[in-house]
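Read the structure below first, then the notes.
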Amino acid sequence: MSHDQASYLELLARGAAAEAYDRPLLLARASGAGPDELAALDQAKQLALRVRAELEGRRRREAELSALFETAHDLAGLRDLDAVLRAIVQRARSLLGTEVAYLSLNDPSAGDTYMRVTEGSVSARFQQLRLGMGEGLGGLVAQTARPYVTDSYFDDARFEHTRAIDTAVSDEGLVAILGVPLMLGSQVIGVLFAADRRARVFEREQVALLASFAAHAAVAIDTANLLAETRSALAELERANEIIRDHSGVIERASEVHDRLTEVVLRGGGVHDVAAALSEVLDGTVEFRDDDLEAAGADGRAIQHGDDWVAAVSAGGELLGALVLRGHRDLDPVDRRTLERAAMVTSLLLLARRSAHEAEQRVRGELLDDLLDAADRDPRLLRERAARLHADLDVPHVVLAARIDAPGADGSGRGAKGVAAGQSAGCGRDDKGRGSDGAATGERETADRQRLWSAASHLAATRSGLAAARDGGAVLLLPLGPRDSASDLARKTARQLGSTLRELVTVGASSPVAAPAGDPGPIAGAYEQARRCLDALRLLGRSGQGAAAQDLGFLGLLLADPGDIDGFVRRTMGEVVEYDRKRGTDLVRTLDAYFASGMSPARTKDDLHVHVNTVAQRLERIGRLLGPDWQSPGRALEIQLALRLHAMSVSVAR
């Protein structure tokens, strides 16, 4: 072997570039070597280039196998799918020597494919690209499940060009693109790409290499999906176990609650015993409340009120009280149901106790009836009867008159119920002409009176007082505490009865009566005074409130000592009343509406539903009857007071 031929071995040993293999032949020609020597050198050159190509191929295959091995190793320790896919794209770009590599995944719900990972990309539009099935090279690969390669993307007519895709590819500056499908069985789940920003021919080996990376990517995605499904299945199993444990706890707690409440009922316990047992079961503080019940729900459900839970204790639409659980801001459904069931048991206990006390309440009512109707009863017998009812009739008492009012009670004392009962024509009848509204209203009013008497009797029993049903409402005789006044007692009674019945209950109170047992005579007069105060409250639009006569100012003085009320009304507006009586006109009502509307004829005609000229004519007639100064401040005040007193006298007469 000549020195020149040996130089090729040296080039191979140091991995010289292909251009360096021309140098020995050129030097030999320059030195005047013969044809045989030049031919031998050329043969050695060709052999060395073949050896060099084989070595490079082996090195390339070794690098590819190493990359595939590293990818498989990554898959074996798969923790982050994005990291694995990013590594696959990076290695594909490096081994194929492309400027850009990227991977897209199919979106079955949207029916397209979208970019998942990119490497070497600089265009935000390209990185956010979505391709419809069959659109662009990637869409074609995803649709056909076959590799596609193009040397010049914009000159290739084999796939559909769209403006969005071409714009994104142009922004990225791509020219040559190779895409291979990601397959799971026979299903295409995405596409792996390698691309250059110059024209380039991708060889068959490069297509096969990219397909190998695509296979690894598909395995990575499938593995990640399986892991996700496994985690989801484990989470579902854990939730199922929690549900089973919770249900077991529910059964145990329900059994414990049933045993405890049954024990309370069987041993004759009361509502406070139920609250104590419930406190232990729910690990909190439970108390029964029969006052301030605005927070209690009406449907029997436990509701949250601030940091407490409240369950209404009710029966037949009547609110008897509430169980209040303290110390549990968060209450699970099981414990809520436990609280609600305990409220039901409490309502049954209260109904049983009420049935036992009904006889006592009737006795209390009979005693109060005797005080009202028979002032000559023997004081000794009255004291004995009161003592059996735990009432002390030798201390000051107040007589209170109570009545349920509809929300829109008018000045005549008739609310929505009274108006409905009075409509006997037209809308008050059904299609067959029967007065159905009147019957229904009568039944409702009877039920309301019964509920009011029951609630008043319960309230009187808790305060060592007496109660009876009377004149369509209820009358109570309650002891007056050292720090109470008749007004305080009236307001408190109206509030508590209204809260219990969930209705507007108006209460009028008398002046205190010193000692009913020693002298029952003033009781009847005190009741009449309380009734007049009640009627005045309703006429003044104060339904649902409580007050005593002294709370009503000058009107209260008239109520406390009526005096010559009829004479005052006759002197002030008697001619108008007499004019209406003789001629059937409506001057009194017009006068009342005129003052109620702020002395505005326009608003008066709207209230009366008449023409403004009619109002003017009536006011002119009123002026002739009352005199020219009837609208002066002093006369107007007297006339308005007379109107109120006249309306009250009409209401009482009814």
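Residue numbers run from 1 in the order of the sequence given.
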Between [X] and [Y], is there a donor-acceptor pair closer than 3.5 Å when you use the side chain of the first and the backbone of the second?
| X | Y | value |
| --- | --- | --- |
| N106 | P108 | no |
| T500 | Q496 | yes |
| R116 | L105 | no |
| R197 | E172 | yes |
| Q187 | L184 | no |
| R451 | L501 | yes |
| D308 | R326 | no |

When rounded to the nearest 0.5 angstrom, what distance separates CG in D156 from CD1 in I177?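 Going from CG on D156 over to CD1 on I177, the span is 9.5 Å.
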Pairwise distance CZ(R93) to CG(D196) - rounded to 0.5 angstrom: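 Output value for this atom pair is 9.5 Å.
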With R204, which residues qualify under salt bridge (charged side-chain N to carboxylate O under 4.0 Å, His left out), at least two apart?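 Residues passing salt bridge (charged side-chain N to carboxylate O under 4.0 Å, His left out) with R204: none at all.
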Between R239 and E236, is a salt bridge (Lys or Arg N to Asp or Glu O under 4.0 Å) present by the stated rule, with each step listed? CA-CA 5 Å; R239 283 194 292 271; E236 289 292 336; 2.2 Å; yes
With heavy-atom distances below 4.5 Å as the criterion, would you say the side chains of [X] and [Y] are in contact?
| X | Y | result |
| --- | --- | --- |
| Q46 | Q43 | no |
| R200 | V175 | no |
| L174 | Y102 | yes |
| Y148 | T150 | no |
| V191 | L131 | no |

I would like to know whether T118 and V89 meet side-chain contact (heavy atoms from CB on, under 4.5 Å); could you show each step before the answer? CA-CA 7 Å; T118 63; V89 171; over 6 Å; no
Listed by chain and number, what are the ring pair (Phe, Tyr, Trp, His ring centres under 6.0 Å) partners of F202, not counting sequence neighbours?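 If we apply the ring pair (Phe, Tyr, Trp, His ring centres under 6.0 Å) test to F202, skipping adjacent residues, there are no hits.
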